[in-house]
Colleague: 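Submitted below is the structure of interest, expressed as structure tokens.
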Amino acid sequence: MALLDRAIARVLPAVPKPLVRALASPYIAGPTLEDAIAVVRRLNGEGKLATIDVLGEEITNDGEAQEIARAYHRVLARVESEGLEANISVKLTGLGLGLDYALCQENLRALVEDASARGNFVRIDMEDSSTTDDTLRLYRELRAAGHANLGVVLQARLRRTLADAQGLDNVRICKGIYLEPPEIAYDDAEQTRESFRATLRALLDQGSYVGIATHDELLIEDALAQIPGRGLAPTEYEFQMLLGVRSARGDELVRDGHRLRVYVPFGTYWYEYSVRRLQENPKIAGYVAADTVRRLARR
Ligand code: FDA
């Protein structure tokens, strides 16, 4: 990212919310489940799978966690009744992890059972490093209890990730969005890439199902080079991308016969997710500047 882009990315929290909302609109399906369903239908029509995220952060009580869980049950029901190709991605803090481990476990177990009854699947997103141990523990506990329709996420940015990969059956590997201290995380882009590549290899070596979640061309190319030598069928791995990011590259992957799953967030708590996405957009400075010029010209 250029210097100006980095500077703008840092001050994004000071940018007016309506502007953040407008700039972030390509990354979010919309406020309602109907919006998410319409986007998933379009993606399925393009040969892409989806994973649906109910946006919700800063849970402060059990009721809010249960409300998010109920929203996910509604998603599972709609996906089934519409015959769509979409699973769900959940954040454990949204299901109550920060309040009470047992509450979160219960909410997650109920979702995994509901998904299983509908032939569907639950992916646990990975949040900041304060949640890594509990997230992996919850994943392992439920898998050990026989719930095979559950997957987790590893973040290449964390130094512990290659070791964590051992024995995990179903993993999304990504770089990791949360800023972490250098004692536990790489702050160098190339080291993060190397960790991504090494973890992907380790996962494929042990026969895990891997969701390769990146828009980084170097990492996509590396993953593509791994597939033929291992004799993997297109159903034995998938690429994953975020809604609104590099969709033309996603089209190419689909055309070349790979599975691609797109992360589709929806809901009214759009702000935090939008800021994270905009901070990663290499063209953000240009967009903010162009919008500012437009508004000044209108005055
Ligand atoms: P990188 O950020 O280097 O981007 C590579 C290129 O992609 C850029 O140069 C640009 O061209 C394009 N690009 C990337 N972001 C863009 C944007 N917002 N707008 C426009 N262009 C953009 N993280 C986490 O901590 N926990 C999680 O559970 C998940 N889950 C998850 C699911 C899926 C399906 C994806 C794709 C990603 C995640 N992530 C995540 C986020 C992930 O950790 C990471 O922050 C982003 O994917 C960006 O990293 P890249 O590997 O794409 O590389």
Side-chain angles (χ1 to χ4, degrees), residues 1-6 8-9 26-27 46-49 51 89 123 125-126 129 151-166 168 170-180 182 184-234 236-263 276-287:
M1 244 196 215
L3 266 184
L4 178 60
D5 294 296
R6 262 190 245 130
I8 297 261
Y27 303 126
E46 295 167 1
K48 298 172 181 171
L49 313 170
T51 185
S89 285
R123 171 81 55 195
D125 283 347
M126 188 60 85
S129 61
V152 72
V153 176
L154 291 176
Q155 298 155 321
R157 181 190 293 267
L158 294 187
R159 296 176 191 273
R160 59 181 284 175
T161 281
L162 184 56
D164 283 338
Q166 209 185 348
L168 299 180
N170 194 316
V171 177
R172 171 196 298 152
I173 176 73
C174 65
K175 285 185 181 173
I177 180 70
Y178 301 91
L179 281 184
E180 303 286 358
I184 61 163
Y186 304 111
D187 58 4
D188 174 78
E190 198 40 54
Q191 279 183 308
T192 302
R193 277 200 189 102
E194 203 33 56
S195 166
F196 190 111
R197 292 185 193 103
T199 307
L200 174 59
R201 278 194 185 82
L203 289 166
L204 293 175
D205 283 347
Q206 70 187 15
S208 313
Y209 184 89
V210 190
I212 306 158
T214 182
H215 319 93
D216 183 333
E217 194 53 36
L218 292 175
L219 294 180
I220 294 173
E221 293 300 331
D222 179 75
L224 287 171
Q226 298 286 319
I227 291 160
R230 292 172 186 273
L232 290 174
E236 292 176 314
Y237 63 92
E238 63 190 45
F239 285 91
Q240 298 189 350
M241 290 186 173
L242 299 169
L243 184 65
V245 183
R246 297 208 69 196
S247 62
R249 185 64 177 106
D251 291 335
E252 282 173 15
L253 289 169
V254 171
R255 241 188 341 262
D256 292 343
H258 305 285
R259 272 176 149 184
L260 175 76
R261 190 175 301 277
V262 178
Y263 191 94
R276 287 204 294 273
R277 291 288 78 80
L278 290 173
Q279 282 171 332
E280 285 183 326
N281 185 333
K283 301 207 175 84
I284 184 61
Y287 293 152

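Note that the numbering runs from 1 along the sequence shown for the chain. What you are looking at is a predicted structure, and each value in this text was computed from that prediction instead of being measured.
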Colleague: For the atom pair CG (Asn170) and CG (Leu203), what is the distance rounded to the nearest 0.5 Å?
Modeller: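 These two atoms lie 10.0 Å from each other.
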Colleague: Are Arg172 and Ser89 close enough that a side-chain donor and a side-chain acceptor fall under 3.5 Å?
Modeller: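 There is such a pair between these side chains.
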Colleague: Between the main-chain N or O of Leu204 and the side-chain N or O of Ser208, is there a donor-acceptor pair closer than 3.5 Å?
Modeller: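 Such a contact is absent between Ser208 side chain and Leu204 backbone.
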Colleague: Please answer whether the main-chain N or O of Cys174 pairs with a side-chain N or O of Gln240 as donor and acceptor at a distance below 3.5 Å.
Modeller: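 No; zero donor-acceptor contacts below 3.5 Å.
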Colleague: Is a side-chain donor or acceptor of His258 paired with a backbone partner of Leu224 at a separation under 3.5 angstrom?
Modeller: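 Absent.
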Colleague: Tell me, yes or no, whether the heavy-atom count around Glu190 atom CD, taken from other residues, nucleotides or ligands under 6.0 Å, exceeds 12.
Modeller: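 Yes, the 6.0 Å shell around CD holds more than 12 heavy atoms from other groups.
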Colleague: Got a sec: does the CG of Leu179 have more than 12 other heavy atoms crowding it under 6.0 Å?
Modeller: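 Counting other residues, nucleotides and ligands, CG of Leu179 stays at 12 neighbours or fewer.
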Colleague: Find the distance between CD1 (Ile177) and CD (Glu280) and round it off to the nearest 0.5 Å.
Modeller: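 With rounding to 0.5 Å, CD1 (Ile177) is 3.5 Å from CD (Glu280).
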Colleague: I'd like to know if the side chain of Gln206 and the backbone of Leu168 have a donor-acceptor N/O pair within less than 3.5 Å.
Modeller: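 Yes; at least one donor-acceptor contact below 3.5 Å.
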Colleague: From Met126 CE over to Leu158 CG, what is the distance, rounded to the nearest 0.5 angstrom?
Modeller: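 Going from the CE atom of Met126 to the CG atom of Leu158 covers 8.0 Å.
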Colleague: Can you see which heavy atom on Ala156 is nearest to which on Ser195, and at what distance?
Modeller: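 For Ala156 versus Ser195, the nearest heavy atoms are O-OG, 2.7 Å.
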Colleague: Can you name the residues that form a side chain to side chain contact (heavy atoms under 4.5 Å, CB included) with Glu252, not counting sequence neighbours?
Modeller: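 Glu252: side chain to side chain contact (heavy atoms under 4.5 Å, CB included) contacts with Arg249, Arg255.
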Colleague: Quick one: side chain to side chain contact (heavy atoms under 4.5 Å, CB included) partners of Asp205, sequence neighbours excluded?
Modeller: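 Side chain to side chain contact (heavy atoms under 4.5 Å, CB included) check on Asp205 returns Arg230.
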Colleague: With a 4.5 Å cut-off on side-chain heavy atoms, are Phe239 and Ile220 touching?
Modeller: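 Yes, side chains in contact.
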Colleague: Quick one: CG on Leu162 to CG on Leu200, what's the gap to the nearest 0.5 Å?
Modeller: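 One gets 11.0 Å once the value is rounded to the nearest 0.5 Å.
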